[in-house]
Amino acid sequence: MITHILLDIEGTTCPTSFVSDTLYPYAYTHLEGFLYEHRENNEIQSLIDEAWREWQADTDASSKDLLSKALMENSSEIVNICSYLHHLITIDRKSSALKDLQGRIWREGYEKGDLCSSLYPETIEALSKLKQQDYVLAVYSSGSISAQKLLYRHTADGDQTELFSHWFDTRTGNKKESKSYSDISIAMNIPVKKVLFVSDSYAECNAAEKAGMSVLFSLREGNPEQDPHDHKAIKELWCLFDYLL
């Protein structure tokens, strides 16, 4: 019997277009200025150092070429690390340091009123009804936990963070590895078979299913992946209620 529902964000509760067309470009254009403004902050410097370590260990040919170029040029640390982080944004590479920095930039954007989250029309009502029916709702997204909470806090309908009891990001583990889902069930103190995971990613659904979770593939117009393969697909969150009957 399902008691917990673990939800992806992009392509599941929030249109991919909001992330790709609004959030990512905002972080991209504000990244360098943000790092210069907060360069004396120890937490920001720690994230810069983490990004440097990641860059030095990056085996991707384009990343290695970029590093060689950066080491030859007499540019500042911030200019150099921005070139790598911009590169990661462009190729949509999942990086914990980048995700953390993006979350901090988005926080400033939300607080300034530059950003307002866009959710699918039924998201808030459907999730509210699930919570009323005593399902425990949790989030697992590649965006940092801070960024997840910002997205749900700054919606056109107000703060929705109280809908969720647990939050997980890539610091828990890779979303395409089954161990991550086993670890999440342990963190929620619930048998893995009592968790339903919903995502727009076939590989993520596979990993969750391998761990023992039930899965549903979010098949939305505009999502990059349109083939659920052998997974049951839903086109809106109201379909969860039919599945849970």
Side-chain angles (χ1 to χ4, degrees), residues 2-27 99-172 175 181 184-185 187-190 194-201 204 208 213-223 234-244:
I2 300 297
T3 60
H4 289 55
I5 301 174
L6 182 65
L7 296 155
D8 183 30
I9 294 179
E10 184 180 356
T12 301
T13 64
C14 167
T16 58
S17 58
F18 175 68
V19 178
S20 61
D21 299 343
T22 300
L23 290 184
Y24 283 173
Y26 189 89
K99 295 297 183 183
D100 199 326
L101 286 168
Q102 285 176 320
R104 292 166 188 261
I105 293 169
W106 292 330
R107 178 186 292 114
E108 289 193 355
Y110 283 116
E111 290 174 350
K112 291 177 181 177
D114 293 343
L115 298 171
C116 179
S117 300
S118 174
L119 302 176
Y120 288 120
E122 85 285 2
T123 294
I124 295 173
E125 189 177 355
L127 297 187
S128 297
K129 186 173 180 180
L130 287 167
K131 187 175 178 66
Q132 290 167 8
Q133 294 182 358
D134 293 328
Y135 288 101
V136 177
L137 304 181
V139 179
Y140 185 25
S141 172
S142 58
S144 68
I145 290 174
S146 173
Q148 296 169 21
K149 291 181 177 180
L150 284 168
L151 186 143
Y152 284 113
R153 183 173 296 124
H154 296 276
T155 78
D157 296 299
D159 188 348
Q160 306 300 323
T161 54
E162 289 189 0
L163 288 170
F164 303 98
S165 301
H166 304 278
W167 307 82
F168 302 97
D169 60 17
T170 53
R171 292 189 186 278
T172 294
K175 294 188 72 182
Y181 299 88
I184 284 174
S185 69
M188 295 193 297
N189 195 30
I190 196 76
K194 291 192 173 184
V195 183
L196 168 63
F197 177 58
V198 188
S199 170
D200 68 327
S201 166
E204 292 174 10
M213 289 185 183
S214 298
V215 301
L216 290 174
F217 182 88
S218 180
L219 183 59
R220 300 270 194 170
E221 183 178 348
N223 282 2
I234 59 171
K235 294 189 175 182
E236 62 177 16
L237 293 172
W238 288 123
C239 297
L240 284 171
F241 295 90
D242 295 330
Y243 181 83
L244 293 167

Item checked: Partners passing salt bridge (Lys or Arg N to Asp or Glu O under 4.0 Å) against Asp100 (at least two apart in sequence or in another chain) -> Arg104, Arg171
Next item on the list: Indicate yes or no for a side-chain donor-acceptor contact from Ser218 to the backbone of Gly11 under 3.5 Å, with no hydrogens or angles considered.
Entry: yes
Check: Can you tell me if Gln148 uses its side chain to pair, donor with acceptor, with the backbone of Gly143 under 3.5 Å?
Finding: yes
Checklist line | Test side chain to side chain contact (heavy atoms under 4.5 Å, CB included) applied to Ser142 - qualifying residues, sequence neighbours left out | finding: Lys94, Lys99, Thr170, Lys175
Notebook entry, point to check: Taking only residues two or more places apart in sequence, or in another chain, which ones meet Thr16 in a side chain to side chain contact (heavy atoms under 4.5 Å, CB included)?
Noted result: Glu10, Asp200, Asn223, Pro224
Find the distance between [atom1] ([X]) and [atom2] ([Y]) and round it off to the nearest 0.5 Å.
| X | Y | atom1 | atom2 | answer |
| --- | --- | --- | --- | --- |
| Tyr135 | Ile2 | OH | CD1 | 8.0 Å |
| Ser17 | Leu23 | OG | CG | 10.0 Å |
| Leu115 | Thr22 | CG | OG1 | 7.5 Å |
| Tyr140 | Phe197 | OH | CZ | 7.5 Å |
| Cys116 | Leu151 | SG | CG | 9.5 Å |

Taking all non-hydrogen atoms of both residues, which atom of [X] and which atom of [Y] are closest, and how far apart?
| X | Y | answer |
| --- | --- | --- |
| Ala138 | Phe168 | CB-CE1, 4.4 Å |
| Ser144 | Gly103 | OG-CA, 4.2 Å |
| Thr12 | Tyr120 | O-CD1, 3.5 Å |
| Pro15 | Ser118 | CD-O, 3.2 Å |

Using residues 156-167 as the side-chain source, report each donor-acceptor pair under 3.5 Å to any protein atom, sequence neighbours left out, with the distance given to one decimal.
{"from": "Asp159", "atom 1": "OD1", "to": "Thr161", "atom 2": "N", "distance (Å)": "2.9"}
{"from": "Asp159", "atom 1": "OD1", "to": "Thr161", "atom 2": "OG1", "distance (Å)": "2.7"}
{"from": "Gln160", "atom 1": "NE2", "to": "Asp157", "atom 2": "O", "distance (Å)": "3.1"}
{"from": "Gln160", "atom 1": "NE2", "to": "Gly158", "atom 2": "O", "distance (Å)": "3.4"}

Item checked: Over 12 foreign heavy atoms within 6.0 Å of CD, Glu221 -> no
Notebook entry, point to check: Do other residues, nucleotides or ligands put more than 12 heavy atoms under 6.0 Å from Asn189 CG?
Noted result: no
Notebook entry, point to check: What residues form a side-chain hydrogen bond (donor to acceptor under 3.5 Å, both in side chains) with Ser117, not counting sequence neighbours?
Noted result: Tyr110
Notebook entry, point to check: Applying salt bridge (charged side-chain N to carboxylate O under 4.0 Å, His left out), which residue pairs with at least one partner in residues 113-131 are found, sequence neighbours left out?
Noted result: Glu122-Arg220
